[in-house]
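Just follow the structure's listing: the first ligand is 1, and inside any ligand the first atom is 1. The shown structure was predicted, so the numbers you read here are calculated from the model rather than taken from an experiment. As a basis for the values below, the full set of heavy atoms in this structure was taken, side chains included, without hydrogen atoms, waters or symmetry mates.
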Amino acid sequence: MKRILITGAAGFLGSHLCDRFIKERYYVFGMDNLITGDLKNIEHLFKLDNFEFYHHDVTKFVHVPGQLDYILHFASPASPIDYLKIPIQTLKVGALGTHNLLGLAKGKGARILIASTSEVYGDPLVHPQTEEYYGNVNTIGPRGVYDEAKRFQESITMAYHRFHGLETRIVRIFNTYGPRMRLNDGRVIPAFMGQALRGEDLTVFGDGSQTRSFCYVDDQIEGIYRLLLSDYSLPINIGNPHEITIKDFAEEIIKLTGTDQKIIYEPLPKDDPLQRQPDITKAKEILGWEPKVGRAEGMKKTFDYFKTLSKEDLQKTEHRDFTSRNKL
Ligand code: UDP
């Protein structure tokens, strides 16, 4: 049985990765410090004899007993509201955490895949974003703690690859959605779904002309799985190229949820990228991968998930605090 360590195991993507590798009959070590993760996402795995959970912060020395074949590093806050609330942890997990996990991979002779992000492109001046684009990042803005940690993460990963001959993989993840997204992470999909379910108006930031391209979680997991098992060690974009403005997206959500909420407009947060769309030519050619789930189907599944949450959970949603955000 192949043995894999998944950090950020109790998070949105981490928990889906645990499910996938359990299904593929791996022995899975899940690790999480539970700052933004939730044990509810993986509690169904605790009864299995090929799953073990470690409550641990990867910015501290990481130990896993015995042999390891693979490491997936998915531990990190991943929403703008989290970067504001826990900026130092965001920097540390991308920098110190990655260093510890690269060291562990080297010690165990394991292959390691690092979760990077479209945020390395910042507010992009090239559209759609190809892997060759170097990006346009404000180092000292509110997103800088995430963007720069992820850029450093890519650099140190390539250094371990080139200097130590470590087997490394880097996925640049574009906006991904689906069941188990945290309702209160401030991201647009949980925000709109929570608002629709509570009967509140949908808050569009700016004039809503900014774009995003949303990838359903099952497609994202398939792309990551293929990349891990491939021979390709340079960064690769995984995302859905179907782009939409946030205003049109809010209208779609209102239709989907069958509610009669209105759209209200609030100020655009600082450094909010104006457009984002992955160029996935490389993923198609190298991994034979492309997304299969359209937005209508994916959003319906996601809404069905949010409908199962309790009234109490629904009330917990936080609205983003723009005043403090824009002060930074
Ligand atoms: N957004 C919005 N209303 C909300 C939350 C987000 O209009 O209640 C916008 C946000 O300004 C951004 C887009 O939706 O332009 C996606 O935001 P999200 O935080 O989901 O992800 P990211 O900006 O990191 O892509």
Surrounding NZ of Lys307 (heavy atoms of other residues, nucleotides or ligands, distance under 6.0 Å), is the total greater than 12?
yes
Over 12 non-hydrogen atoms of neighbours within 6.0 angstrom of NE2 in His99
no
What orientation do Tyr225 and Phe21 show, parallel under 30°, tilted 30 to 60°, or perpendicular over 60°?
tilted
Check the orientation of Tyr133 and Tyr121. Use parallel for under 30°, tilted for 30 to 60°, and perpendicular for over 60°.
parallel
With heavy atoms under 4.0 Å as the rule, classify the contact between Arg212 and ligand 1 as side chain, backbone, both or neither.
side chain
Check whether any heavy atom of [X] sits under 4.0 Å from an atom of ligand 1.
{"X": "Gly186", "answer": "yes"}
{"X": "Pro80", "answer": "yes"}
{"X": "Glu119", "answer": "yes"}

Shortest reach to atom 9 (C) of ligand 1 by a heavy atom, considering only Glu266, Arg143, Gln210, Arg187
Gln210
So, regarding Leu268 and ligand 1 (criterion: nitrogen or oxygen to nitrogen or oxygen, under 3.5 Å), is there a contact or not?
no
Decide whether an N or O pair under 3.5 Å exists between Val188 and ligand 1.
yes
Answer whether the closest heavy-atom distance between the side chains of His55 and Phe53 falls below 4.5 Å.
yes
Below 4.0 angstrom from a heavy atom of [X], which ligand 1 atoms are there? Numbered from 1 as shown, please.
{"X": "Ala191", "answer": "8 (O)"}
{"X": "Val204", "answer": "7 (O)"}
{"X": "Asp272", "answer": "10 (C), 11 (O), 12 (C), 15 (O)"}
{"X": "Phe192", "answer": "3 (N)"}
{"X": "Asn175", "answer": "21 (O), 22 (P), 25 (O)"}
{"X": "Ile246", "answer": "7 (O), 13 (C), 14 (O)"}

Indicate yes or no: does Glu200 engage Lys262 in a salt bridge with an N to O separation below 4.0 Å.
no
Give a yes or no on whether a salt bridge exists between Glu167 and Arg169, defined as a side-chain N under 4.0 angstrom from a carboxylate O.
yes
Rounded to the nearest 0.5 Å, what's the gap from CD on Gln89 to OG1 on Thr36? Could you check?
10.0 Å
Go through His63 and Tyr54 one step at a time and tell me if the side chain to side chain donor-acceptor pair (under 3.5 Å) criterion holds.
CA-CA 10 Å; His63 173 72; Tyr54 285 70; over 6 Å; no
